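Remarks on the structure that follows.
Hydrogens, waters and symmetry mates are skipped; everything else that's a heavy atom, side chains included, is used. The structure displayed is predicted, hence computed values, not measured ones.
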There are 2 protein chains.
Amino acid sequence: MTDDVPPHSRRTTLADVAARVGVSAITVSRALRRPDMVSEPLRKRIAEAVGELGYVPDPAARALASRRSNVIGVIIPSITNNVFSDVLTGIYDTLEGTAYDIQLGNSRYNAAKEEALLRVFLSQRPAGLIVTGFDQSPAARRLLETAGCPIVQIMETGGNPVDMMVGFSHFDAAGAATRHLIAQGYRAPAFIGARMDPRSQRRFQGYRAATTEAGVFSEARVLTTADPSNVSLGARLFAELLARAPETDAVLCNNDDLALGVLFEARRQGMEIPGRLGLCGFNDLEMMACAEPPVSSVRTFRQQMGQQGSEMLLARLNGQEPEQRLVNLGYELIVRQSTLR
Amino acid sequence: MTDDVPPHSRRTTLADVAARVGVSAITVSRALRRPDMVSEPLRKRIAEAVGELGYVPDPAARALASRRSNVIGVIIPSITNNVFSDVLTGIYDTLEGTAYDIQLGNSRYNAAKEEALLRVFLSQRPAGLIVTGFDQSPAARRLLETAGCPIVQIMETGGNPVDMMVGFSHFDAAGAATRHLIAQGYRAPAFIGARMDPRSQRRFQGYRAATTEAGVFSEARVLTTADPSNVSLGARLFAELLARAPETDAVLCNNDDLALGVLFEARRQGMEIPGRLGLCGFNDLEMMACAEPPVSSVRTFRQQMGQQGSEMLLARLNGQEPEQRLVNLGYELIVRQSTLR
DNA sequence: CTCGCCTATGACAGCGCTGTCATTACTTGA
DNA sequence: TCAAGTAATGACAGCGCTGTCATAGGCGAG
């Protein structure tokens, strides 16, 4: 590799395109951003020149001049969690091809970190913001309220939205799953939860309300941890649960990873599902349908959350109002063999 | 805290900080970027003023003036694939807290899309670039070569690196797994692969070379599809494989999702693992250790790939040279019950 | 002492774009 | 017919920062 200074050609600017067409730079700028303000033939000639010169606008210059970047900030609590990678996919799919870039922040289930990310994002004057849930720190909440850009809170409903919101009720969803177990005749349904972030807490509350209502709630059958969720943890927690509450005849898991761990551990212990143990997961990841036996779960619409959230943002950024500011995507209880007695 | 903030407060600029301290803006800029160029006491006073005023640099202005953004572009072929979310985690963990922002692009296993993303990224004059593999389109390859910023290719070794590289040999890893199956006495090991992107192809080649060498290769025992991988697909492919090649006594799966599907399907069909069927996955996702029976897999160092790649980039961006430009992270065959006869 | 050199700081221009206001050439209604 | 629009384009001044070069002292060698 010869180290001759690369011909670091000056980048093609608006002015270059303008000179080529014989108009002023500002007209080219308008042809690109507000085509309706430029006459048809001129617009075509400009488009041609843009193509020939391979002109690409400089987002930094644009951001500086307009005091508004094309960045949409997205803050999620985890990248590896399947739930959020599905949400992200929805967001990327929707925002791709628009003028907006995504800036992803990982809050690691930590409100202080979320607040810090928010500050960083806001320093870029983002076009919009997508944040997870409504359990921001008070300071973060204030930052959101004065952000001066459209904001979508995803993953939940309720909680006095800052601006727009799309999600579902974790309380209701977990309640529905619990009532299903009870309706199947399980009299000692347990709850296994990991991570126990705010949404997990609300799922637990849904379980608690439903079991209490049916008179089958017992502290002994609740096993939660702040540790991050994974399959092995599900297996370990289930073993612990059995030791502590051997009467357990069903388990509602906070998510499908845990449920898969329970499935494996139950098999190791020779417990039949659903005969000896009912098992229900949460989120309905693809694998649940294919497991042996297939595992019941609460389907959540993760990709749609990302998609709709992004669409709401885009509507606002286009100066329209989204059809609804608050969207409840609901959930769907998917009953499979693992909970059929 | 008497400074009442007007509703549309002008953003705090370098000049504001400079005025407060009684120096010029450029000195403040230097105190922030090249502290060694500013005298100790002045540096301290500036730091104080920055704190008091809550000054945050404007990345757009910085990018415009320096002709270099603080964006590190990352292009991966999938967001949902566990493999890449692990890699991403490594990248985010490492780059977090540095001056750099990550811009994520999803190429969807599509070279044309990758090329398009590259163009978008390059228009922002990124500080650095992390791309997946070395199977770029010729045009993309040229873009990379003339990008004028440090570049790391991750996930693989070999292939005439553009600049820096960190990964492992998919060929070798799959070969090692295959030889293990053969060493265990399996005489009819099959290969199941989905997606079949370049890395999957190389894994298949590793399997093919090892089986051929041992004289146990058979076209009939190779079942691949371009469809995206998932657990159900693994189950379906395995069922199809059995119908076509009932003599199959072991399966090497292109990844662990497929392997999990095989595990479930084998159970459904009453085939004992490892007695009747040996099973080996690829990547060693956390769940493999916990499955029943535990499933052998080839461990890959996904998070480390992201981390090391980022560190190499950072070294370059700090004007140093990374210890090695080409890093082979290797792999580790994890033998568990599913392949023990 | 001087000269040259190094360190710490400043002045200035301009990165590529857009907001704002101005200008020109047409319409149009009564 | 003409005042009063409307549509299409342009001039200009920055946005907030950094690259570059200039400047002011301080210091050791000759």
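For the residue pair A:R33/A:S29, the side-chain donor-acceptor check at 3.5 Å is satisfied. With 3.5 Å as the limit, one finds no donor-acceptor pair spanning the side chains of B:Q303 and B:T89.
For the OP1/OP2 pair of C:dC15 and a distance below 4.0 Å, the side-chain nitrogens and oxygens of A:R62 include no atom meeting the criterion. The side chain of B:S39 contributes an N or O atom lying less than 4.0 Å from OP1 or OP2 of C:dT9. Phosphate proximity of C:dC15 to B:R67: absent, as no side-chain N or O sits under 4.0 Å from OP1 or OP2. Of the side-chain N and O atoms in B:S29, one or more sit less than 4.0 angstrom from OP1 or OP2 of D:dT18.
As rounded to whole Å, 14 Å separates atom C1' of C:dT9 from atom CZ of B:R34. As rounded to whole Å, 12 Å separates atom C1' of D:dT18 from atom CE of B:M37. Taking atom CD of A:E40 as the reference point, atom C1' of D:dA8 lies 14 Å away to the nearest angstrom. The interatomic distance linking B:Q124 (CD) with C:dG16 (P) rounds to 15 Å, in whole Å. Atom-to-atom, CG of B:N70 to C1' of D:dC17 comes out at 13 Å; the value is rounded to the nearest Å. Rounding to whole angstrom units, CG of residue A:L32 and P of C:dG16 are separated by 16 Å. Rounded to an integer number of Å, the gap from A:R125 CZ to D:dC15 P is 11 Å.
The base of D:dG10 sits with one of its N or O atoms less than 3.5 Å from a complementary donor or acceptor on the side chain of A:R30.
Nucleic acid contact for B:R43: none, since no nucleic acid atom lies under 4.0 Å from a heavy atom of the residue.
The main-chain N or O of B:I75 is found under 3.5 Å from a side-chain atom of B:T132 such that the two form a donor-acceptor pair. Counting only distance, with no hydrogens or angles, the side chain of A:R11 and the backbone of A:V56 share a donor-acceptor pair below 3.5 Å. The main-chain N or O of B:M155 is never found under 3.5 Å from a side-chain atom of B:R302 such that the two would form a donor-acceptor pair.
Residues A:S310 and A:G90 come closest through the heavy atom pair OG-O, 4.5 Å. Here the closest non-hydrogen pair linking A:L329 and A:F301 is O-CD1, 3.6 Å. The shortest non-hydrogen separation linking A:Q153 to A:V162 is OE1-N, 2.9 Å.
Relative to the side chain of B:D58, the nucleotides D:dT9, C:dC17, D:dG16 differ in distance, and D:dG16 lies closest. Of the candidate nucleotides C:dG16, D:dA8, D:dT18, D:dT18 has the atom lying nearest to any side-chain atom of B:A65. Of the candidate nucleotides D:dT9, D:dT20, D:dG14, D:dT9 has the atom lying nearest to any side-chain atom of A:L42.
Taking five base pairs at each end of the helix from C:dC1-D:dG30 to C:dA30-D:dT1, the local helix axes there meet at an angle of 30°, rounded to 10°.
With values rounded to the nearest 0.5 angstrom, B:R141 atom CZ is found 10.0 Å from B:F134 atom CZ. Rounding to the nearest 0.5 angstrom, the gap separating the CD1 atom in B:I76 from the CG atom in B:L88 is 4.0 Å.
Residues of residues 14-27 of chain B that place a heavy atom closer than 4.0 Å to DNA chain D, in numerical order, are B:L14, B:I26.
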